[in-house]
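Position 1 is the first residue of the sequence; numbering continues from there.
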Amino acid sequence: MRITAFRALLADEFGAGRAETIAHDHVFGVLGGRTVDQALDAGIPTKEIWQAVCEAFEVPPERR
C-alpha cells in the first residue's frame with residue numbers, strides 16, 4: 001500500500017485532524033515503540049502499520 005493510500009485510510013477512519021495526531025503522537029509497542037510517522041521513516045510496511053493502528057483502536061474488521 002502506498003503511503004498516500006495509507007494516509008487516506010487513516011484520515012477516513014479517524015478524521016484528518018485526529019489522524020494527524022495519531023500519526024505524530026501515539027506510540028505503538030508492536031511497532032517497536034514508534035509512532036506511525038517514525039515507523040514510516042524506519043521503512044516498516046504500511047500494511048503492518050495499518051494493522052497496528054487497527055488493533056490499537058479496535059477498528060472493525062470490515063474497515064481494515
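Side-chain heavy atoms closer than 4.5 Å link hydrophobic residues (I, L, V, M, F, W, Y) into clusters, and following such links, even through other members, never connects V27 to I49. Grouping the Ile, Leu, Val, Met, Phe, Trp and Tyr side chains by contacts below 4.5 angstrom, directly or via other members, places V30 with L40.
Among pairs with a residue in residues 15-32, none fulfils salt bridge (charged side-chain N to carboxylate O under 4.0 Å, His left out), at least two apart in sequence or across chains. Listed by first then second residue, pairs satisfying salt bridge (charged side-chain N to carboxylate O under 4.0 Å, His left out) with a partner in residues 41-54 number zero, not counting sequence neighbours.
Under the side-chain hydrogen bond (donor to acceptor under 3.5 Å, both in side chains) criterion, R64 pairs with E55, not counting sequence neighbours. Residues satisfying the ring pair (Phe, Tyr, Trp, His ring centres under 6.0 Å) test with F28, not counting sequence neighbours, are H26.
One distance of note links OG1 of T35 with CD1 of I22; it measures 12.0 Å at 0.5 Å rounding.
When side chains are defined from C-beta on, T46 does not count as touching W50, because their heavy atoms never get closer than 4.5 Å. Side chains of Q38 and L31 form no contact here, defined as non-hydrogen atoms less than 4.5 Å apart.
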Under 3.5 Å, sequence neighbours excluded: what are the donor-acceptor pairs made by side chains of residues 5-14?
{"unit_1": "R7", "atom_1": "NH1", "unit_2": "D37", "atom_2": "OD1", "d": "3.1"}
{"unit_1": "R7", "atom_1": "NH2", "unit_2": "D37", "atom_2": "OD1", "d": "2.8"}
{"unit_1": "E13", "atom_1": "OE1", "unit_2": "R63", "atom_2": "NE", "d": "2.9"}
{"unit_1": "E13", "atom_1": "OE2", "unit_2": "R63", "atom_2": "NE", "d": "3.3"}
{"unit_1": "E13", "atom_1": "OE2", "unit_2": "R63", "atom_2": "NH2", "d": "2.8"}

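Within 6.0 Å of atom CD in E58, 12 or fewer heavy atoms from other residues, nucleotides or ligands are found, so the atom counts as exposed in its surroundings.
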